[in-house]
Amino acid sequence: MHEKNHAATVRVFIALAPPDDAKEELAQALRPACAAHPRMRWNRIEDWHITLAFLGELPRAAVPLLRPPLAGLASRRPPLSLSLCGSGHFDERVLWSGIGGDLDGLRLLAGEVRTLVREQGVTFAERPLNPHLTLARSRRDDDASVVRAAEGLAGFTGRTWRAERLHLVGSNHGRGPGPIRYRDIESWPFAGA
């Protein structure tokens with residue numbers, strides 16, 4: 001069987017990923033919202049991440065150039081202590097969990113990542129860092145489910161965990177039917193992780 005030709009570009013971002021047990025803790029707290037709002041488009045737990053820099057569509061040839069500098073950055077930075085907590089929404093359409101813990105360290109890391117990417121000649125839309133983990137999106141005809149789900153999760157406080165790896169992630173966004181899927185292109189441990 002022949003493999004399909006790869007697209008000339010890949011949608012890329014740089015992120016942190018909570019450990020499985022922290023994600024499962026949040027997933028358990030989300031079960032009532034999932035049952036109450038089954039029409040929402042729920043992100044897969046394995047795709048949950050905290051975006052540090054969204055780079056958008058990049059030529060495939062540009063991606064390998066990011067690997068050595070990102071590996072170097074990760075090797076010089078200590079792990080961050082973070083947690084998943086609370087909830088909210090963007091425009092009554094996107095449900096998210098908030099991030100707690102070392103937010104100053106998280107902002108510093110995001111700034112370093114963005115500077116490094118620009119130094120590699122990659123341009124991307126600069127958006128302010130709003131630390132969150134996207135959980136679900138509502139359908140166009142539903143402007144209430146996300147708000148209700150966020151209210152139900154507002155008091156959630158997860159355990160503290162260490163972000164021990166920096167992830168370079170690709171997605172299949174716009175590459176066919178079905179939900180968006182993410183995959184690690186590569187990831188690197190932080191110093192002492």
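Keep in mind that what you see is a predicted model, and the values were worked out from it rather than measured.
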Next item on the list: Scan I185, L116, L70 and name whichever one has a side chain to side chain contact (heavy atoms under 4.5 Å, CB included) with I14.
Entry: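 Only one of I185, L116, L70 forms a side chain to side chain contact (heavy atoms under 4.5 Å, CB included) with I14, namely L70.
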
Margin query: So, applying side chain to side chain contact (heavy atoms under 4.5 Å, CB included) with L135, which one of I45, V146, L30, V94 is it?
Written below: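 The single option meeting the side chain to side chain contact (heavy atoms under 4.5 Å, CB included) with L135 is L30.
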
Margin query: Walk me through whether S187 and R165 qualify under side chain to side chain donor-acceptor pair (under 3.5 Å).
Written below: CA-CA 6 Å; S187 69; R165 299 186 74 81; 2.9 Å; yes

Notebook entry, point to check: Stepwise, does the side chain to side chain contact (heavy atoms under 4.5 Å, CB included) test hold for V169 with T51?
Noted result: CA-CA 10 Å; V169 183; T51 302; over 6 Å; no

Next item on the list: Please assess W161 against D21 for the test side chain to side chain contact (heavy atoms under 4.5 Å, CB included), listing each intermediate value before the final yes or no.
Entry: CA-CA 9 Å; W161 46 272; D21 57 344; 5.8 Å; no

Residues [X] and [Y] bridged, charged N to O under 4.0 Å:
| X | Y | value |
| --- | --- | --- |
| E112 | R77 | yes |
| D141 | R39 | yes |
| E92 | R139 | no |

Notebook entry, point to check: Between F90 and W96, how do the two ring planes meet: parallel, tilted or perpendicular, split at 30° and 60°?
Noted result: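 Rings of F90 and W96: tilted, as their planes differ by 30° to 60°.
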
Checklist line | side chain to side chain contact (heavy atoms under 4.5 Å, CB included) between R60 and V63, worked out | finding: CA-CA 6 Å; R60 284 198 178 272; V63 175; 5.6 Å; no

Note to self: Would you say W188 and E186 are linked by a side-chain donor-acceptor pair, where the criterion is simply a distance under 3.5 Å?
What the structure shows: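 Yes - a donor-acceptor pair under 3.5 Å links their side chains.
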
Checklist line | S138 and R93 side chains, donor-acceptor separation under 3.5 Å | finding: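 Note: R93 and S138 side chains meet the donor-acceptor criterion.
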
Checklist line | Verdict with supporting geometry, E126 and R118, salt bridge (charged side-chain N to carboxylate O under 4.0 Å, His left out) | finding: CA-CA 11 Å; E126 287 285 342; R118 283 191 301 274; 2.3 Å; yes

